[in-house]
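Data block below; observations after.
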Amino acid sequence: MTPALGKSLLRLFTVQGSYDYERMQGIGVGVAEEPLLRDLRAAANGGGGGAAYRAAVARSAHFFNAHPYLCGLAVGAAARAEHEGVPPAQVERLRAALCGPLGSLGDRLVWAGWLPLMSALALIGVALGGGWRAIIGFLALYNAGHVALRWWALRAGWAHGMGVAAALHQPVLQRAAALSGPAMALAVGAALPLAAQYLSGAFTGWSRGAVAVVAAGGFALLWWRRGKLTGLRLGLALLAVAALAAGLWR
Amino acid sequence: MSLETLLLLLAWGTLVGLDLVSVPQVMIARPIVAGPVAGAILGDPWTGFALGVLFELFQYDVLPVGAARYPEYGPATVAAVSAAHAAGGGGGEALGIGLGALVGLVTGMMGGTSMHLVRRLNARATHAANERLEAGDARVLVRLHLAGILRDATRAALVTALGLGLGQLARALVVGALTVRGVTLLDVAAVSAGIAAGAAGTLRLVGRGPGLRWFAAGVVGGAAVAWLR
């Protein structure tokens with residue numbers, strides 16, 4: 001790993017630190033790309049290195065929005081393209097073209113796959129009495145995948161430059177995206193009854209039955225009013241009703 | 001609760017709040033991690049694990065894609081554990097779960113709103129520095145980024161502090177006024193809502209495709225293990 005790539009990778013861990021509604025991750029991506037652009041300052045670039053560097057830094061901080069773990073792919077690819085003297089408009093088009101695929105792939109692979117899968121395994125571990133081992137296992141396993149993905153993305157972007165689309169079609173990546181969905185569904189499905197049992201362990205008699213009935217009713221409500229009613233609102237509403245009932249039923 | 005414990009909870013809540021979006025997204029922000037550590041700080045891991053599991057179920061209702069607005073359950077879980085510990089006396093009873101959930105859900109809502117505000121502040125700061133950014137000033141770029149992280153850390157600390165304060169307030173107002181039956185009702189409401197949110201959120205994610213069969217197989221398997229234990 002070159003020092004510049006190392007710096008860029010470290011900065012990628014903060015890529016959403018200055019997230020805003022205008023440039024989205026733009027500023028963070030610019031900060032992560034900057035170490036890879038420093039070579040452009042050298043006089044070897046036709047003597048106008050300073051101007052090339054500043055123009056590239058300015059472009060790197062423009063609007064960008066994708067999955068944070070895969071931003072490195074765009075960072076590496078754009079930086080490589082800048083080094084290869086690709087016309088600015090083409091670099092901008094590359095960044096814009098990568099937003100959608102990187103967002104979609106990352107959401108499927110991580111937010112809707114790897115993360116809930118690992119979280120469900122942690123829930124199962126805790127529910128079965130694994131305690132701290134389940135938590136430490138979750139952090140270790142999840143982050144092994146997380147860090148590997150960030151590192152792969154940056155390296156693939158830096159290696160492929162303008163041809164980075166090829167990296168996205170890697171069979172391993174496609175296979176992982178295809179497998180993570182069913183694995184997540186299976187694990188979370190198994191975690192739900194075990195977590196329910198773990199949480200209702202302290203209840204006895206009528207309260208156990210009440211949990212089953214209210215949970216079923218709450219689920220039906222959330223399903224029927226999906227898009228309008230959230231888990232948070234349902235929770236607050238049920239707690240308000242329970243507080244009211246507690247006041248009346250003494 | 002000693003000042004030292006309170007400061008430790010505040011520091012943990014701030015780290016957890018920063019982790020969710022800004023730095024470094026290693027998922028200490030997940031309730032299943034944030035809760036037990038908060039419990040350990042309080043010397044009450046049982047409450048930490050229970051609230052961690054409960055809020056992890058609520059977390060399944062959230063898919064943090066794009067610029068979506070969602071509740072922030074990390075610092076919320078820290079506040080929830082603190083409130084539940086105070087209400088339950090730390091003796092491993094489930095008495096404080098309902099109160100903890102109430103405090104946590106309100107804190108989660110405040111956390112979500114505060115993230116939206118910070119993003120707007122970041123946009124304003126970026127807007128003000130637009131000219132120098134377009135000139136390719138790397139120092140301005142880095143400064144803007146660091147300021148954004150600092151803003152998020154301040155936000156996370158404020159949300160955690162508000163949550164911890166809310167927990168103390170709720171304990172003072174609610175605990176003495178509730179009978180054991182009332183406390184059980186709150187617990188039932190909290191646990192039921194968590195299970196419902198977890199199930200509905202996962203089903204939305206799984207959809208009607210082949211994943212549904214895997215989900216059903218998981219539920220059957222999990223239920224069988226739960227029944228056999």
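Heavy-atom basis, side chains included; hydrogens, waters and symmetry copies ignored.
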Ranked by heavy-atom pairs below 4.5 Å to chain A, first place among B:A224, B:A199, B:G211 goes to B:A199

Tell me, out of A:A240, A:A216, A:G131, who's got the most heavy-atom pairs with chain B below 4.5 Å.
-> A:G131

From CA spacing to verdict: side-chain contact (heavy atoms from CB on, under 4.5 Å), B:M27, A:F138 = CA-CA 9 Å; B:M27 295 304 144; A:F138 162 71; 4.0 Å; yes

The interface call for B:V37 against chain A, heavy-atom contacts under 4.5 Å, is both

Per-residue contact mode, B:F58 against chain A (heavy atom under 4.5 angstrom) = side chain

With a 4.5 Å heavy-atom cut-off, do B:D61 and A:R233 have their side chains touching?
-> no

Nearest 0.5 Å, what's the CG-CG distance between A:L234 and B:L105?
-> 9.5 Å

Heavy-atom distances under 4.5 Å only: say whether A:L128 touches chain B with side chain, backbone, both or neither.
-> both

Note: vs chain A, highest number of non-hydrogen pairs under 4.5 angstrom among B:A196, B:A197, B:A193, B:G148 is B:A196

Can you say whether B:N122 sits under 4.5 Å from chain A via the side chain, the backbone, both, or neither, judging by heavy atoms?
-> both

When rounded to the nearest 0.5 Å, the distance separating CG of B:L20 from CD of A:Q16 is 9.0 Å

Distance only, no hydrogens: is a donor on one side chain within 3.5 Å (strictly under) of an acceptor on the other, for B:Y60 and A:S119?
-> yes

Show your reasoning for whether side-chain contact (heavy atoms from CB on, under 4.5 Å) applies to A:L139 and B:V33.
-> CA-CA 8 Å; A:L139 286 174; B:V33 180; 4.0 Å; yes

At a heavy-atom separation under 4.5 Å, does A:H62 approach chain B through its side chain, its backbone, both, or neither?
-> side chain

Could you give the distance from CD (B:E134) to CZ (A:R54), rounded to the nearest 0.5 Å?
-> 13.5 Å

Side chain from CB out, backbone as N, CA, C, O: work out which of these in A:R38 comes under 4.5 Å of a heavy atom of chain B, or both, or neither.
-> neither

So which of B:I149, B:L141, B:V220 has the largest heavy-atom pair count under 4.5 angstrom toward chain A?
-> B:L141

Is A:L236 close to B:L102 at the side-chain level, that is, under 4.5 Å between some pair of heavy atoms?
-> yes

Taken to the nearest 0.5 Å, the spacing of B:L146 CG from A:S18 OG works out to 9.0 Å

Check whether B:R213 gets within reach of chain A through its side chain, its backbone, both or neither, counting any heavy atom under 4.5 Å.
-> neither

Could you tell me whether the side chains of A:E34 and B:H145 share a donor-acceptor contact shorter than 3.5 Å?
-> no

Interface moiety of A:V126 toward chain B, non-hydrogen atoms closer than 4.5 Å = side chain

Can you find a pair of side-chain heavy atoms, one from A:Q197 and one from B:R229, that are under 4.5 Å apart?
-> yes

Of the backbone (N, CA, C, O) and the side chain (C-beta and beyond), which part of B:A135 lies under 4.5 Å from a heavy atom of chain A, both, or neither?
-> backbone

Determine whether B:Y70 and A:L232 make a side-chain contact, defined as any pair of heavy atoms from C-beta on separated by less than 4.5 Å.
-> no

To the nearest 0.5 Å, tell me how far A:L239 CG sits from B:L99 CG.
-> 9.5 Å

pair A:L123-B:L57: side-chain heavy atoms closer than 4.5 Å | yes

When only pairs under 4.5 Å are counted, which of B:D152, B:L144, B:I32 shares the most heavy-atom pairs with chain A?
-> B:I32

Drop me the distance from B:Q25's CD to A:L115's CG, to the nearest 0.5 angstrom.
-> 10.0 Å

When the 4.5 angstrom heavy-atom criterion is applied to B:L203 and chain A, the contacting part is both

List the atom of A:A243, the atom of B:L186, and the distance in Å for their closest heavy-atom pair.
-> N-CD2, 4.0 Å

Measure A:A55 against the heavy atoms of chain B and call it side chain, backbone, both or neither at under 4.5 Å.
-> neither

Closest approach of B:L205 to A:P116 (non-hydrogen atoms, all atoms of both residues) | CD2-CG, 4.3 Å

A:V213 portion near chain B, given a 4.5 angstrom heavy-atom threshold | neither

What one should report as the nearest heavy-atom pair of A:A58 and B:L133 is CB-O, 3.4 Å

Heaviest contributor of heavy-atom pairs below 4.5 Å to chain B, chosen from A:A242, A:A190, A:G231, is A:A190

Checked B:G182, B:A226, B:P31 vs chain A; the most non-hydrogen pairs under 4.5 Å come from B:A226

Tell me, for B:P210 versus chain A, whether the close heavy atoms (under 4.5 Å) come from the side chain, the backbone, both or neither.
-> neither

Begin from the C-alpha positions of A:M184 and B:W214 and carry the test side-chain contact (heavy atoms from CB on, under 4.5 Å) through to its verdict.
-> CA-CA 9 Å; A:M184 175 280 290; B:W214 288 104; over 6 Å; no

Do A:L192 and B:F215 have side chains that get closer than 4.5 Å, going by heavy atoms?
-> yes

If you take all heavy atoms of A:D20 and B:A123, which pair is closest and at what distance?
-> CB-N, 3.4 Å

Could you verify whether a donor N or O on one side chain and an acceptor N or O on the other, from B:H127 and A:E22, lie under 3.5 Å apart?
-> yes

Correct closest heavy-atom pair for B:G136 and A:V57 would be O-CG1, 3.8 Å

Side chain from CB out, backbone as N, CA, C, O: work out which of these in A:A127 comes under 4.5 Å of a heavy atom of chain B, or both, or neither.
-> backbone

Considering only heavy atoms and a distance below 4.5 Å, find which of B:V118, B:V21, B:V106 pairs most often with chain A.
-> B:V21

Selection from A:V214, A:I124, A:I27 maximising heavy-atom pairs under 4.5 Å formed with chain B = A:I27

Can you tell which of A:Y69, A:W132, A:W206 has the highest number of heavy-atom pairs within less than 4.5 Å of chain B?
-> A:W132

Tell me, do A:W223 and B:R204 make a side-chain contact under 4.5 Å, heavy atoms counted?
-> yes

